[in-house]
2 protein chains.
Amino acid sequence: MLSFVEENYLKAIYHLSEAGKRPVNTNALAEEMKTAPASVSDMIKRLSEKRMVDYQKYRGVNISEKGKIKALHVIRQHRIWKVFLVEKLNFQWDQLDEVAEQLEHIKSPLLFQRLDEFLGFPKFDPHGDPIPDENGQLIEKRKDPIAQLPVGTASIVVGVNGSSASFLKYLDKVGISIGTRLQIVDRMEFDGSVDITIDGKKTITISPTVAENILLSEA
Amino acid sequence: MLSFVEENYLKAIYHLSEAGKRPVNTNALAEEMKTAPASVSDMIKRLSEKRMVDYQKYRGVNISEKGKIKALHVIRQHRIWKVFLVEKLNFQWDQLDEVAEQLEHIKSPLLFQRLDEFLGFPKFDPHGDPIPDENGQLIEKRKDPIAQLPVGTASIVVGVNGSSASFLKYLDKVGISIGTRLQIVDRMEFDGSVDITIDGKKTITISPTVAENILLSEA
DNA sequence: ATTATTATTTCGATTAATCTAAATATTTTA
DNA sequence: TAAAATATTTAGATTAATCGAAATAATAAT
């Protein structure tokens with residue numbers, strides 16, 4: 001059984017290694033964990049003894065298969081709680097992580113099974129990130145431009161194509177950013193302009209070009 | 001800020017002292033906490049330095065006002081979670097405590113505010129125990145016999161009058177125990193017999209005597 | 001290819017929580 | 001009330017997690 005702290009290290013290693021693609025170095029991990037490099041060395045040694053990571057002195061650390069499964073477990077629980085906090089308790093985006101980081105470490109398979117069911121087996125969290133299944137399988141987040149989604153779709157902005165300053169400025173002006181919840185309410189046949197409702201509040205019309213460049217997750 | 005362990009000690013001291021009425025001795029606390037008496041001595045010293053308890057060597061420990069408020073806070077959170085687990089996630093009675101004992105230590109006033117609201121500001125937990133308010137005020141649980149409650153009442157069994165073996169055997173047979181949820185569906189005028197539904201499943205008729213001796217909480 | 005810089009690890013200490021065994025205090029009992 | 005029994009505390013160790021400072025390895029620069 002891993003401690004809270006060990007679980008947090010694994011999560012950080014998983015993220016910093018981009019799901020295990022590259023080794024993680026001590027200083028980066030120390031910064032992520034807001035701790036001293038000396039502490040990281042100690043902890044890595046411990047995680048290595050538990051076969052959660054592969055480690056060679058001075059060579060950085062790689063997450064093991066076992067460690068990856070554990071990390072994805074914690075990530076699953078983190079994201080399920082986020083769905084709960086937003087959908088049931090009306091939390092704002094910026095209040096989420098502090099609480100979810102505590103809740104993610106609760107040990108009870110039954111709780112997560114039931115919570116998952118209560119929430120209708122969500123596949124994505126409120127930020128559009130995919131929720132790994134019980135076996136640690138991660139469905140890659142599909143990103144679809146608004147232009148290709150049907151009227152009625154309600155989803156989360158997970159990215160944009162391109163990054164011209166003027167486009168980002170426009171998005172900022174109308175109040176769209178990563179994580180914003182949009183609903184597609186209408187599409188004009190003659191030119192492909194789209195009416196969207198932003199965060200359930202105001203409705204605006206966007207041009208076909210804009211609709212091509214805002215990506216929603218299939219939530 | 002208190003640690004999980006300190007919070008658990010305070011809760012145990014609160015309970016064993018019957019809400020602060022009598023001092024708690026080291027061995028009792030050690031048994032409750034499933035730990036060695038020596039560990040209890042150490043911890044009490046620490047809690048005493050933090051002014052959470054009043055302590056004189058060999059004289060047992062008394063919870064302080066400050067400690068009582070903290071303990072009631074944890075108890076509040078424990079009971080709110082229990083309501084959630086039963087009402088929203090359909091937990092059974094025996095699965096409750098293990099999970100609630102983890103959840104009760106989450107630090108987030110906002111979470112509990114919202115959760116309380118989400119659950120409709122419950123005043124009692126699924127066992128019929130009262131939920132202290134944010135200030136640690138505890139409404140004493142009122143125990144009313146079925147015979148004195150109106151038809152339509154749905155509540156929790158919190159106790160019984162007397163304890164004759166045959167009565168308890170009868171209760172066991174029909175499936176009633178502390179914590180059972182009952183609904184009063186009808187009352188015969190001519191003799192005061194009562195029809196009750198047990199745990200929302202089966203409906204039985206009980207005699208006026210039985211109705212006089214099963215106590216429900218006013219939930 | 002040395003030297004300088006940066007990254008990492010080791011060493012020795014600290015704090016919280018725990019334990020066993022030994023010492024000490026309190027209570028009970030004869 | 002003195003001895004026996006019980007309860008409690010102290011002393012000394014242990015484990016997890018942490019740190020600063022010193023030592024060592026790896027990398028970059030001249």
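Since the model is a prediction, treat every value here as computed from it, not as a measurement.
Qualifying side-chain contact (heavy atoms from CB on, under 4.5 Å) partners for B:Glu101, counting only residues two or more places apart in sequence or in other chains: B:Lys11, B:His78, B:Asp97, B:Glu104. Under the rule for a side chain to side chain donor-acceptor pair (under 3.5 Å), the partners of A:Lys107 that lie at least two apart in sequence or sit in another chain are A:Glu7. In this structure, B:Gln56 has no side chain to side chain donor-acceptor pair (under 3.5 Å) partners at least two apart in sequence or on a different chain. For the side chain to side chain donor-acceptor pair (under 3.5 Å) test, no residue two or more places apart in sequence or in another chain qualifies with A:Gln92. The side-chain contact (heavy atoms from CB on, under 4.5 Å) check on B:Glu87 picks up B:Val83, B:Arg181, with sequence neighbours excluded. Applying the salt bridge (Lys or Arg N to Asp or Glu O under 4.0 Å) rule to A:Lys68 yields the partners A:Glu65; only residues at least two apart in sequence or on another chain are considered. A search for salt bridge (Lys or Arg N to Asp or Glu O under 4.0 Å) contacts involving B:Glu98 returns nothing, not counting sequence neighbours. B:Ser39 meets the side-chain contact (heavy atoms from CB on, under 4.5 Å) test with B:Tyr9, B:Thr35, B:Ala36; sequence neighbours excluded.
Contacts between residues 97-105 of chain A and DNA chain C, defined by a heavy-atom separation below 4.0 Å, involve no residue at all. Residues of residues 20-48 of chain B having a heavy atom closer than 4.0 Å to DNA chain C, listed by number: B:Thr35, B:Ala36, B:Ala38, B:Ser39, B:Asp42, B:Met43, B:Arg46.
To the nearest angstrom, C1' of D:dA26 lies 14 Å from CD of A:Gln56.
Counting only residues at least two apart or in different chains, side chain to side chain donor-acceptor pair (under 3.5 Å) contacts with residues 42-51 of chain B comprise B:Glu6-B:Lys50.
Bracketed by its first and final contacts, the part of DNA chain C lying under 4.0 Å from non-hydrogen atoms of chain A reaches from C:dA7 to C:dT10 in 5' to 3' order.
The aromatic rings of B:His105 and B:Phe4 sit parallel to each other, their planes meeting at less than 30°, with 60° as the upper class boundary.
Between A:Arg59 and A:Val5, it is A:Val5 whose nearest contact on DNA chain D lies nearer the 5' terminus.
Within 4.0 Å of A:Phe4, counting heavy atoms only, lies no atom of the nucleic acid at all.
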